[in-house]
Amino acid sequence: MASHGKLRKDKVGLVDYDTQIKEVRCQLVDQLKVMDVQLEQKSQHLHDFADYMRRRSEIESEYSRSLDKLAERFTNRIKRKEASNHSVAQMWLALLSHTRQESKDHTQLSDNCSTFLIQPLYHCLEYTQRLAKKSKDICTQLQDGLLKVTTELQTAWRTYSHYHADYLCADGKLKEAEKQEEKQRQSAKKLERLIEKRQGKVQDIYLKCTKARNDYLLNLAAANASMNKYYLQDISTLIDVGGHLSLGRVMQAYLSSRHQLQHNMNSGLQHLQRSVSVLDQGRDRDALLQDHHVTFCLPLRFPYQPHDGDQVGLSEISAESEMRCELETRFKQIQTRLKAVAEETQEERRPPSLPDLCIFCSCHYCPSLHRVKEFLVGTSLESKLQAKHDLLKVAVEKGCANASSSTRVRKLPSSSSLLHNHKLFNGDMLTFMQASGQQIPVVVESCIRFINLNGLHHEGIFRVSGSQVEVNNLRDAFERGEDPLAEHTSDLDSVAGVLKLYFRDLKNPLFPVDSLSRLLEYAYIKNDGERADQLKSVISSFPEPLIIVMRYLFAFLHHVSQYSDENMMQPYNLAVCFGPSLVRGTREQEQDQHQDQQDAVSLQPQINALVKSFIIQHESIFPGQSEVRGPVYEKCMTLEQDDG
């Protein structure tokens with residue numbers, strides 16, 4: 001009954017997140033709809049303005065011709081009469097002269113309305129639609145980033161819940177063993193060994209649970225920071241109605257013509273002038289947000305949901321003993337990355353406005369629009385990094401105050417598992433695995449564990465070259481059957497270089513050569529689900545030991561890409577780094593002098609796309625542990641190796 005109650009509580013917490021994220025998704029969809037409605041209204045307004053100017057031109061032209069006929073008619077009458085200097089006659093001549101001038105003024109106004117004023121309105125309409133489309137694309141990109149953060153939050157929460165449930169189970173078994181020790185004094189030694197073993201397992205699982213909870217809290221902070229940034233800053237920048245400057249200049253030109261034409265209509269023109277002078281993008285934008293406040297209001301903060309029985313304080317990053325060193329390293333890396341991002345965006349701290357169109361020179365401010373996008377993306381990244389930075393700073397300071405001298409050393413793998421008669425580097429991986437009994441080659445497992453513990457947040461991991469001397473030393477140590485990363489600290493970039501070197505120097509590449517053509521063909525299928533199914537059908541034909549290694553490697557690379565905000569290694573960047581090592585010809589083919597190297601260069605974009613697909617869709621492509629038994633990559637590793 002107790003386990004049933006715990007499961008129900010877990011589901012309630014997850015449902016709360018699902019409901020809240022579902023509401024956010026609906027809100028984001030409504031925002032795009034509001035932007036579409038706003039564009040439709042603005043386009044209709046501009047169409048109406050242009051139609052009004054066209055019709056006004058026709059009316060003014062007709063009125064001008066009527067005035068001209070009227071003046072000509074009475075002028076001909078005067079010509080048939082003698083000239084007179086009477087004041088009444090001079091007044092009459094002045095009136096006719098004024099009528100002819102008025103006819104010319106109306107002709108000029110008609111010409112202005114039909115050419116000078118209508119064309120800018122159509123330019124403004126075209127630019128407004130183009131600007132709205134680009135703004136919507138930026139908004140969609142920001143929304144995708146927002147949804148990605150919420151997905152990472154859900155994933156981190158599930159991982160944390162899973163490890164905490166394991167911890168509760170192990171802790172329960174430990175307490176049960178302690179109770180048995182009190183009852184059975186006669187078999188104390190055996191129970192002591194059992195208790196000691198379970199205590200070690202509880203401690204190990206507790207560390208995993210703590211790491212998972214820390215990752216969950218960081219994702220929680222990043223999600224809330226992204227929500228604040230998007231709803232309070234980004235959306236206000238994007239929802240600029242636009243076109244106000246262009247429309248204002250059109251109306252100013254129209255008013256200028258009217259002032260020259262009718263000096264006796266100043267009161268009406270002043271009223272229209274006041275209407276033009278109050279054009280204000282900011283006020284129109286604020287009015288739009290107020291009219292749709294439900295759509296654009298900031299959602300509730302994502303609450304911290306501790307797993308059942310978790311006693312760690314609310315939203316508190318744990319920096320206990322072994323965790324402190326790792327958190328200090330991550331804090332320094334985030335601090336460096338945050339400083340770099342802040343320097344990139346500090347040139348303009350105020351959000352730039354969306355560009356407007358100059359109707360007299362038809363200037364299109366595409367660079368300005370790009371600057372808006374760069375600013376929004378950069379400040380969004382800065383807000384997420386700042387949220388993680390602040391939480392880590394508090395945890396590191398508290399951890400330093402409570403620092404203890406206890407340390408843990410990773411256990412060395414048994415020497416028997418490292419002794420073999422086959423080459424590790426420059427050899428055949430399947431032959432080596434069969435001879436050594438290792439399901440994951442020791443160099444792969446050791447390097448991945450080292451990077452998991454020390455380098456997931458390292459900027460440029462796998463892209464920056466390490467020391468060639470240290471790479472060679474590590475390679476030689478692995479070749480001798482040692483694990484040089486078990487106790488010694490090594491340069492992260494050098495360790496990453498050893499991992500790439502191992503796959504690059506294999507006699508046969510990780511992806512069998514005979515399957516390469518089908519894999520490259522399927523990599524460009526546009527539908528994600530169909531592409532994953534086709535790639536999975538090819539992978540399922542590989543030997544199981546090869547599938548286990550590939551599943552382990554790509555799960556790790558996907559985990560690295562999840563920290564791209566800090567390490568700047570998106571899936572494509574990782575694909576560029578690993579593609580040439582994983583997808584290539586055999587070593588004999590590469591040494592063939594007649595091999596056409598131009599083909600390899602031309603195929604590189606396809607290879608990068610293929611490896612990127614495997615990184616992003618690894619869960620859909622590779623079979624689970626229930627289908628293919630063997631080691632699987634764990635996100636939250638410890639110094640201890642799992643017992644299987």
Side-chain angles (χ1 to χ4, degrees), residues 24-25 27-50 119-149 226-227 229-250 279-289 291-292 295-296 341 344-345 347-384 526 570 572:
V24 171
R25 286 178 180 272
Q27 203 177 30
L28 296 179
V29 172
D30 290 343
Q31 289 175 8
L32 295 178
K33 291 180 180 179
V34 170
M35 295 177 72
D36 290 338
V37 171
Q38 181 64 23
L39 173 61
E40 183 179 356
Q41 293 177 350
K42 183 63 184 299
S43 299
Q44 185 61 48
H45 288 159
L46 291 174
H47 273 296
D48 291 344
F49 269 106
Q119 290 300 323
L121 286 173
Y122 283 117
H123 289 163
C124 181
L125 174 60
E126 179 185 0
Y127 179 74
T128 298
Q129 293 173 342
R130 199 161 52 242
L131 179 64
K133 182 179 182 301
K134 292 184 179 294
S135 299
K136 185 177 179 180
D137 291 341
I138 296 175
C139 187
T140 302
Q141 180 180 348
L142 294 176
Q143 289 183 358
D144 290 341
L146 205 61
L147 294 177
K148 177 184 176 184
V149 171
S226 297
M227 285 291 179
K229 175 66 171 55
Y230 176 81
Y231 279 88
L232 299 183
Q233 298 181 28
D234 297 350
I235 200 66
S236 297
T237 303
L238 289 173
I239 304 180
D240 280 331
V241 179
H244 291 69
L245 177 60
S246 302
L247 187 57
R249 290 180 176 176
V250 169
L279 284 172
D280 188 345
Q281 288 188 184
R283 192 174 67 177
D284 289 349
R285 177 195 62 205
D286 294 341
L288 177 66
L289 293 174
D291 293 341
H292 302 87
T295 300
F296 296 109
V341 173
E344 293 175 1
T345 57
E347 295 181 0
E348 186 170 1
R349 302 306 302 171
R350 183 180 62 83
S353 300
L354 290 176
D356 211 329
L357 173 68
C358 176
I359 64 172
F360 296 103
C361 60
S362 299
C363 298
H364 298 269
Y365 295 96
C366 291
S368 298
L369 187 62
H370 178 72
R371 185 166 53 89
V372 171
K373 175 184 175 182
E374 292 297 323
F375 177 83
L376 295 177
V377 172
T379 51
S380 295
L381 175 59
E382 184 179 358
S383 66
K384 290 188 288 185
K526 293 184 178 180
Q570 291 82 10
Y572 178 78

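In this chain, numbering begins with 1 at the start of the sequence shown. Computed from heavy atoms alone, side chains included, the values below leave out hydrogens, waters and symmetry copies.
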- Item | Side-chain donor or acceptor of Gln31 paired with backbone N/O of Thr295 under 3.5 Å | yes
- Query: Would you say the side chains of Gln141 and Asp137 form a donor-acceptor pair under 3.5 Å?
  - Reply: no
- Task: Please tell me if the side chains of Leu28 and Leu147 come closer than 4.5 Å, counting only heavy atoms from C-beta onward.
- Result: yes
- Message: Within this structure, what is the NZ-OG1 distance for the pair Lys133 and Thr140, rounded to the nearest 0.5 Å?
- Response: 9.5 Å
- Item | Interatomic distance, Met227 atom CE to Asp234 atom CG [nearest 0.5 angstrom] | 12.0 Å
- Query: Atom CD of Gln129 and atom CG of Leu125: how far apart are they, to the nearest 0.5 Å?
  - Reply: 4.5 Å
- Query: Partners of Glu126 by side-chain contact (heavy atoms from CB on, under 4.5 Å), sequence neighbours excluded?
  - Reply: Arg130
- Query: Out of curiosity, Leu146 CG to Gln27 CD, how far, rounded to the nearest 0.5 Å?
  - Reply: 9.5 Å
- Query: Got a sec: does the CD of Gln41 have more than 12 other heavy atoms crowding it under 6.0 Å?
  - Reply: yes
- Task: Check whether any side-chain heavy atom of Leu32 sits under 4.5 Å from a side-chain heavy atom of Gln143, and report yes or no.
- Result: yes
- May I ask you to test the Tyr231-Val24 pair for a side-chain heavy-atom distance under 4.5 Å? yes
- Message: Is any side-chain heavy atom of Tyr230 closer than 4.5 Å to one of Val149?
- Response: no
- Taking all atoms of both residues into account, what is the closest heavy-atom pair of Ser380 and Leu142, and its distance? OG-CD2, 4.3 Å
- Which value, rounded to the nearest 0.5 Å, describes the distance between Cys124 atom SG and Gln119 atom CD? 13.0 Å
- Message: Measuring only between side-chain heavy atoms, which start at C-beta, is Asp36 closer than 4.5 Å to Lys136?
- Response: yes
- Kindly give the heavy-atom pair with the smallest separation between Met35 and Cys139, and that separation in Å. SD-SG, 4.0 Å
- Under a 4.5 Å cut-off applied to non-hydrogen side-chain atoms, are Leu46 and Lys42 in contact? yes
